[in-house]
Amino acid sequence: MNSSQRINPIYEQLHWGDKVVKRGLLCKESPNQENSGGVSQKGSGSPTFLSLPLNSHDVQKARPCRGSDECRTSRRYILAVCLLLSITAFAGSLMFAKSVSPTLLLNDGCTTSYNSFSKLQRRFSLQDSQTASAELGTGFPEGCSEKATTLRVFMYDLPSEFHYGMLVQQPYSQGQIWPRNVSDIPPYLGGLYKQHSVEYWLTSDLLTSNMADRQSVCTAFRVDNWRSADVIFVPFFASLSYNKFTRAEQRALGEDKNQELQEKLMQFLEKQPAWQASGGVDHVIVIHHPNSGYFMRDHLRKAMFVVADFGRYASDVANIGKDIVAPYKHVVNDFEAEATISYEKRKTLLFFQGAIMRKEGGIIRLQLYKLLNGEPDVHFEGGNTTNSAIRSASEGMQNSKFCLNLAGDTPSSNRLFDAIASHCVPVIISDDIEVPFEDTLNYSTFSIFIKSSDALKSNFIIDLLRGVSREKWTKMWATLKQVEHHFKYQYPTQPDDAVHMTWKAIARKIHKVRLHLNKERRYQWRT
């Protein structure tokens, strides 16, 4: 026998064990079954192992070797391999969770797919996990990237007059559409303007999503080709346009910059291939102020709108089936004293401060004022939008157990989100209200809903709230603090804040968009 034929028995065992593992023969529960090597442990109920031959002449005649040192060594080796494979699989499940490449397929405890095993067999050491992740294409990128995002969004390069141009004192230079960098993004207007600023936060988040220095994670990523996008975003600051440009004196002079912008936008969209391909079904337009987009909403009704509520829309123009309800941006001061103003320190039982005389559904405000004004531990007063009034409302909400959210001119109002920001348990009296993200958030765990017909009964509200125990209120208050970040707009964004939650709500509508488009395309092959 020459040197090439003299194989060390231990290395031959390793070589044979490697073959056994690759063929998926290890660790199969078989209490009454003989394996291919002739080993049988009938009735033992323990795993059946293939005994490794001790040398090359025994490969075809492998027999059980009960009690021998070689057998124990072989079985220990196989057990070690099984344990190592299990550890590798567990580590892989954590580190390569988003992998789309071949992964471990664990069946009956220890068998593996050959392709995945052959890749991971060479990476038993945890020190190689970074290399393995890169080779398999499963690493998690930092910041924002198309690969890591939930939603791919194409955004039109509309002229600056439709968006940030409304916020700058000096118009952009000719040809400039967007701010040059993050620090160049102008701030939004203050006061009540900001309560409908959803358009600003979504646009700013999307605009910076593909910037090289973006560090925060993203839900939506801006792509360059509309054909590869899930949705098309229209960056028109419709609420700001209404607030800035629609004034009685302008309309009297026959001038309405807001209407002019909407007409120009409709003309622009009708010429776009993306709009022509879908009829606008896959387009997202933010019209959060109830009066924003008034001149174009009917014409663009197939688009997905981001709204505050549906109070001023025909049901065939906007509805909860196709559109998104997004939170208002709260206007009260942020709550600073973490977990210090709890049950005992909140002396006011119920708080409301705001306009009492309202139109349409807001008539209930006056009715409740007559019922609740003068009740002990109840603050129900008129208010205005001055800075001092906002400071007063902030202090009052932060020192109250419950805060009223009543229907105004439309079913929603900003007081719900002011209450959440103040850690004051909301009491919602608005029969037609649609609240943001209710398909993922259970509002009954941190809010109290009361039907209008019940609220107008004498003492109904007061008796109900005084009957809420300290323990029940504290539980709702604790939940309120846990969900507060879902309603917060900010830049840079934070995971699951209002920006992310709104993009995710849009993403949950995509299957309906695709269903609609695919049905529309059924017979297009004929043309």
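In this text, all values refer to a predicted model and were calculated from it rather than measured experimentally.
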Side-chain donor or acceptor of K475 paired with backbone N/O of T445 under 3.5 Å: no
Backbone N/O of A498 and side chain of T502: donor-acceptor pair under 3.5 Å: yes
Polar side chain donor-acceptor pair, N291 to R312, under 3.5 angstrom: yes
Within 6.0 angstrom of E395 CD, more than 12 heavy atoms from elsewhere: no
Full working for side chain to side chain donor-acceptor pair (under 3.5 Å) between E199 and H289: CA-CA 10 Å; E199 56 210 16; H289 190 289; over 6 Å; no
Q259 versus E263, side-chain donor and acceptor atoms under 3.5 Å: yes
Separation between CE of M501 and CG of D497, rounded to the nearest 0.5 Å: 9.5 Å
Where F352 and L404 come nearest, the two heavy atoms and their spacing: CD1-O, 3.8 Å
Distance-minimising heavy-atom pair for I390 and V331: CG2-O, 3.4 Å
L464 CG to N459 CG distance, which is reported to the nearest 0.5 Å: 12.0 Å
Side-chain donor or acceptor of W473 paired with backbone N/O of Y343 under 3.5 Å: no
For F295, ring pair (Phe, Tyr, Trp, His ring centres under 6.0 Å) partners two or more places apart: none
Flag side-chain contact, heavy atom, 4.5 Å: H486 against V483: yes
Heavy-atom donor-acceptor pair, R214 side chain to V217 backbone, under 3.5 Å: yes
Test: K504 and D496 ion pair at under 4.0 Å: yes
Student check: side-chain heavy atoms of R346 and C424 closer than 4.5 Å: yes
Min side-chain heavy-atom separation L480-P426 under 4.5 Å: yes
Rounded distance (nearest 0.5 Å) linking atom CG of N243 with atom NE2 of H196: 7.0 Å
Summary of salt bridge (charged side-chain N to carboxylate O under 4.0 Å, His left out) pairs that have at least one residue in residues 454-473, sequence neighbours excluded: E344-R470, D454-K457
Residue pair T219, H500: steps toward the side chain to side chain donor-acceptor pair (under 3.5 Å) verdict: CA-CA 6 Å; T219 297; H500 286 271; 2.6 Å; yes
Polar side-chain atom of N405 near backbone of L416 as donor-acceptor pair, under 3.5 Å: yes
Side chain Q272, main chain F268, donor-acceptor under 3.5 Å: yes
Residues in salt bridge (Lys or Arg N to Asp or Glu O under 4.0 Å) contact with D230, at least two apart in sequence or another chain: R152, R514
Polar side-chain atom of S400 near backbone of L350 as donor-acceptor pair, under 3.5 Å: no
Straight-line distance of N333 CG to M397 CE, nearest 0.5 Å: 11.5 Å
D205-W503 side chain donor-acceptor pair, cut-off 3.5 Å: yes
Aromatic ring pairing H163/F237, orientation class (parallel under 30°, perpendicular over 60°, tilted between): perpendicular
Side chain to side chain contact (heavy atoms under 4.5 Å, CB included) between F417 and V332, worked out: CA-CA 9 Å; F417 309 101; V332 298; over 6 Å; no
Ring pair (Phe, Tyr, Trp, His ring centres under 6.0 Å) partners for Y294, two or more places apart: none
Donor-acceptor contact below 3.5 Å, side chain S145 vs main chain A148: yes
Donor-acceptor contact present, side-chain R297 to main-chain Y313, <3.5 Å: no
Over all atoms of both residues, closest heavy-atom pair of V425 and M476: CG1-CE, 4.0 Å
Flag for N258-Q262: side-chain donor and acceptor within less than 3.5 Å: yes
Pair W178-D157, side-chain donor/acceptor within less than 3.5 Å: yes
Closest non-hydrogen atom pair, C144 against F221: SG-CD1, 3.6 Å
Residues S197 and W201: side-chain donor-acceptor under 3.5 angstrom: yes
Donor + acceptor pair across side chains of T410, D309 (<3.5 Å): yes
SB check K264 E161 (cutoff 4.0 Å): yes
Residue pair G191 / K194: nearest heavy atoms and the distance that separates them: O-CG, 3.1 Å
Intermediate values then yes/no, side chain to side chain donor-acceptor pair (under 3.5 Å), H288 and Y242: CA-CA 11 Å; H288 199 259; Y242 171 78; over 6 Å; no
Note, V284 side chain near I506 side chain (heavy atom, < 4.5 Å): yes
Selection residues 170-182 - residue pairs positive for salt bridge (charged side-chain N to carboxylate O under 4.0 Å, His left out), sequence neighbours left out: none
Stepwise side chain to side chain donor-acceptor pair (under 3.5 Å) check, H423 with E484: CA-CA 8 Å; H423 301 173; E484 174 192 8; 2.9 Å; yes
Exercise: do S204 and Y164 side chains pair donor with acceptor under 3.5 Å: yes
Worked check of ring pair (Phe, Tyr, Trp, His ring centres under 6.0 Å) between H283 and W275: CA-CA 8 Å; H283 283 55; W275 182 275; 4.9 Å; yes
Worked verdict on Y156 versus F162 for ring pair (Phe, Tyr, Trp, His ring centres under 6.0 Å): CA-CA 11 Å; Y156 288 121; F162 287 93; over 10 Å; no
Test applied, side chain to side chain contact (heavy atoms under 4.5 Å, CB included); reference residue, R222; option that passes from V153, T149, L207: L207
V499 versus Y489, closest heavy-atom pair with distance: CG2-CD2, 4.0 Å
Side-chain donor/acceptor of D431 to backbone N/O of S452, under 3.5 Å: yes
Do any side-chain atoms of residues 322-330 form donor-acceptor pairs under 3.5 angstrom with protein atoms, and if so which ones, sequence neighbours left out?
from : atom 1 : to   : atom 2 : distance (Å)
K322 : NZ     : R301 : O      : 2.9
K322 : NZ     : A303 : O      : 2.5
K322 : NZ     : V317 : O      : 3.2
D323 : OD1    : F305 : N      : 2.8
D323 : OD2    : N319 : N      : 2.8
Y328 : OH     : S412 : OG     : 2.7
H330 : NE2    : D334 : OD1    : 2.6

Crowding at NZ, K488 (>12 non-hydrogen neighbours, <6.0 Å): no
F380 and its ring pair (Phe, Tyr, Trp, His ring centres under 6.0 Å) partner, picked from F351, F402, Y369: Y369
